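Model, not experiment: these values are computed from the prediction. A note on names: the letters A, B, ... follow the listed sequences, proteins ahead of strands, and every chain is numbered from 1.
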Amino acid sequence: MEGERPSGVIGRLLGGVNRTMRRLLFTFMSSGPIPQHIAFIMDGNRRFAKKWKLEEGAGHKAGFLALMSVLKYCYEVGVKYVTVYAFSLDNFNRRPDEVQYVMDIMHEKIEGFLKELDMVNRYGVRVLFIGDLNRLDEPVRVAAEKAMEATAKNTKTYLLVCVAYTSSHEIPRAIYEACQEKSGLALALNQNGNNIDGIVNVEDVNDVIKVVDLEKHMYMGVVPDPDILVRSSGETRLSNFLLWQSTNCLLYSPKALWPEMGFWQVVWGILKYQRSYYYLEKKKKQA
Amino acid sequence: MLYSLISRHSTMALVAESQKSGNMLLFLLWHVVHLIISVLYIVREILRAIESYLITNGYVKTNTNLNLDRVKYLGIVVDSDEARNTSQVIELLEWLSAIGVKKVCLYDREGVLKKSKEVFMEKFGSAKIPNEKLVSGPLLSKKRMDFEFVSLSDGKELVAKAANLLFKKYYVDADSEKPFFTETHLTDALKTLGAVEPDPDLLLIYGPVRCHLGFPAWRLRYSEMVHMGPLKYKKYGLILKAIHRFTKVKQNYGS
């Protein structure tokens, strides 16, 4: 017992030094622009497990720990919105036991999160689950909805978890929602006696739906577009993630596998963003 | 390059000054660190130039014998300001044609390349010559490439037009069936509007920043995106390297 206490003190001291150094570094980085929104494609969990000869599934567990670290650093440096690509609609094509394993981890982690709500609400994190939630297993979906409801009033920082998501699904869905909205409006117009037989005048229909209408109905319409899109493990494709929202977004592909991602990748990503800031702002204004 | 370094830093300083910075010392340190990073990037550029020279002149054997069948459709994103320099673009296309690329999609945000369409078509396009004299020969056929010119209006705005088509098709009649729209509905609507070309397998980005600058979103799902740097510093050997790397990539497509 007595042997444990001194090492506990040293551990806490080192942790404190670590935190102070980090805070100093983040203050130094705040001399320049800090991105408002960073998105992450968490790629490389399976490769990590293979690399370290771990059992299958251990990669995903390690990936979750990396996610927690990365989130901590992002919020510490002042990023307001963080989006992560947890599960793609394409991932449903994987082996059923692997899909089930990932669903189980998600369920376990969301339930764990719900137990720490006091701490979460103290930090003011609002959690949103983005995607076709009906495709998820019932217990996962229920837990996700509970988590969204429990954090709905938080506004300090946002965590968007994309599950059962692809841009190929998001864009047509936004069109569908926009059409539903506009047809509701058209019906209201008709009831005021502007058209006969409840049919919308075809000539008026040409410019009914505009880009802003589509963007309003996108899953990601609740937050501003990402400033940096990070894909771990060095791959250079977006794999159907945030294709619509990445028009003026810096794409960053660190070589580290997702469980290896951490502090230095976040720092380097933000430094790269600061170098590109002037150019990207110019492009945004030109649009 | 030094001039751009200095001007970039003065603009960065102006931007940074407008931000709330607590500590003057940290601010200066930030400036110094970014200056060091810029110098490192210049060194990297020199190393890339050497690498390109070695590849181009055959010292690095692995980048020859490219399996071009894997690159069915190559996309090039060019920064619009750089795209105005037509001779640079033509040189790039000459290199691609020499490598053996047959189908290229050229994108620039403002449509500058679209405006110079005739120039490119004349140099590399099919022999659609207004006069009867058909210039034939191995040289012309070797240089032939198929082009597609894309700009920002072919991205989000085209999807909005497709949305209006779908609205007209399904929502004008109040009693008609209204299906939930899927990728197929969108693709068909886009085809009607003329967007028939496939997705690019590989996208080479020529500009100061690694950003696809608004390339049509639905066409980028699985495209590999490689940042090649500014157009004026393009290097032949690095194109070979990018294509070679691409042919080695193994995609799972999510599975």
Side-chain angles (χ1 to χ4, degrees), chain A residues 24 27-33 88-94 166-169 171-173 175-176 178-180 182-183 186-187 198-200 202 205-211 213-214 235-240 243-244 246-252 271 274-280 283 286-287, chain B residues 8 11-12 15-16 19-23 26-27 29-31 33-34 37-38 41 80 109-110 152 155-157 159-160 162-164 166-168 170-174 178 180-183 185-186 207-214 217-218 220-227 249 251 253-255:
Chain A
L24 206 67
T27 314
F28 144 79
M29 278 169 56
S30 303
S31 305
S88 159
L89 280 170
D90 294 333
N91 293 151
F92 279 112
N93 297 329
R94 291 188 179 179
T166 52
S167 287
S168 312
H169 169 83
I171 300 174
R173 181 192 163 274
I175 297 178
Y176 174 76
C179 287
Q180 294 278 57
K182 294 293 178 181
S183 73
L187 208 64
I199 295 172
V200 178
V202 178
V205 166
N206 268 324
D207 242 358
V208 173
I209 300 175
K210 301 195 172 31
V211 173
D213 299 313
L214 294 177
E235 302 293 340
T236 56
R237 54 190 180 270
L238 295 180
S239 294
N240 229 327
L243 303 178
W244 181 277
S246 50
T247 303
N248 300 307
C249 178
L250 172 69
L251 306 172
Y252 170 44
L271 287 173
Q274 291 178 337
R275 282 175 59 83
S276 323
Y277 180 77
Y278 176 62
Y279 176 80
L280 290 173
K283 289 295 153 188
Q286 279 174 358
Chain B
R8 184 216 290 268
T11 31
M12 267 165 69
V15 167
Q19 307 278 334
K20 282 207 182 97
S21 62
N23 200 326
L26 283 177
F27 167 68
L29 187 64
W30 176 85
H31 213 60
V33 167
H34 270 285
I37 295 174
S38 294
Y41 267 92
S80 294
R109 205 181 166 106
E110 292 166 34
L152 193 65
K156 292 183 180 178
E157 283 173 33
V159 174
N164 281 307
L166 288 168
F167 185 78
K168 237 190 274 187
Y170 292 100
Y171 285 80
V172 165
D173 182 2
K178 292 163 179 54
F180 183 77
F181 294 147
T182 61
E183 208 181 324
H185 291 99
L186 178 58
V209 166
R210 184 149 177 262
C211 172
H212 65 72
L213 298 172
W218 73 94
L220 282 177
R221 285 168 303 161
Y222 304 108
S223 311
E224 301 283 340
M225 297 185 221
V226 184
H227 183 216
V249 161
Q251 275 212 41
Y253 299 100
S255 329

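- Residue N164(B) comes nearest to V208(A) through the heavy atom pair OD1-N, 3.2 Å, listed as atom of the first residue, atom of the second, then distance.
- If you take CZ on R237(A) and CG on L220(B), they are separated by 13.5 Å, rounding to the nearest 0.5 Å.
- Put simply, of S168(A), S239(A), S167(A), the one with the most heavy-atom pairs under 4.5 Å next to chain B is S168(A).
- Residues L243(A) and A217(B) share a closest heavy-atom pair of CD1-O, 3.2 Å.
- Of the two parts of Q180(A), the backbone and the side chain both hold a non-hydrogen atom closer than 4.5 Å to a non-hydrogen atom of chain B.
- With a 4.5 angstrom heavy-atom cutoff, L186(B) touches chain A only via side-chain atoms.
- Taking the six-membered ring where tryptophan is involved, the planes of F180(B) and H169(A) are tilted, since the angle between them lies from 30° to 60°.
- Looking at residues two or more places apart in sequence or on another chain, you find a side chain to side chain contact (heavy atoms under 4.5 Å, CB included) between L214(A) and I175(A), A178(A), I209(A), W244(A), V159(B), A160(B), A163(B).
- Ranked by heavy-atom pairs under 4.5 Å with chain B, the first of N91(A), L280(A), L89(A), L251(A) is L251(A).
- Closest heavy-atom contact between K178(B) and Y176(A): O-CE1, 4.1 Å.
- Heavy-atom minimum distance, V209(B) versus Y279(A): CG2-CD2, 3.5 Å.
- Between the CG atom of D207(A) and the CZ atom of F167(B) there is a distance of 12.0 Å, given to the nearest 0.5 Å.
- If you take CZ on R210(B) and OG on S276(A), they are separated by 11.0 Å, rounding to the nearest 0.5 Å.
- Between the OG1 atom of T247(A) and the CG atom of L213(B) there is a distance of 9.0 Å, given to the nearest 0.5 Å.
- Shown here are the side chain to side chain contact (heavy atoms under 4.5 Å, CB included) partners of D90(A), two or more places apart in sequence or in another chain: S88(A), T166(A), N240(A), Y222(B).
- Expressed to the nearest 0.5 Å, how far CD of E224(B) lies from CD of E235(A) amounts to 6.5 Å.
- For the set K156(B), E183(B), H212(B), the entry with the most heavy-atom pairs within less than 4.5 Å of chain A is K156(B).
- In this structure, chain B has heavy atoms under 4.5 Å from both the backbone and the side chain of K283(A).
- Here R109(B) is the residue among H227(B), E157(B), R109(B) with the most heavy-atom pairs under 4.5 Å with chain A.
- Here H34(B) contributes atom NE2 and L271(A) contributes atom CG; the two are 5.0 Å apart, rounded to the nearest 0.5 Å.
- For chain B, the nearby part of Y252(A) is the backbone; its heavy atoms alone come within less than 4.5 Å.
- For a residue to count as touching a neighbouring chain, one of its non-hydrogen atoms must lie under 4.5 Å from one of that chain's; by this rule H185(B) does not touch chain A.
- For S246(A) against C211(B), the heavy-atom pair with the smallest separation is O-SG, 4.5 Å.
- In terms of heavy-atom proximity, F181(B) sits nearest to C179(A) at CE1-SG, 3.8 Å.
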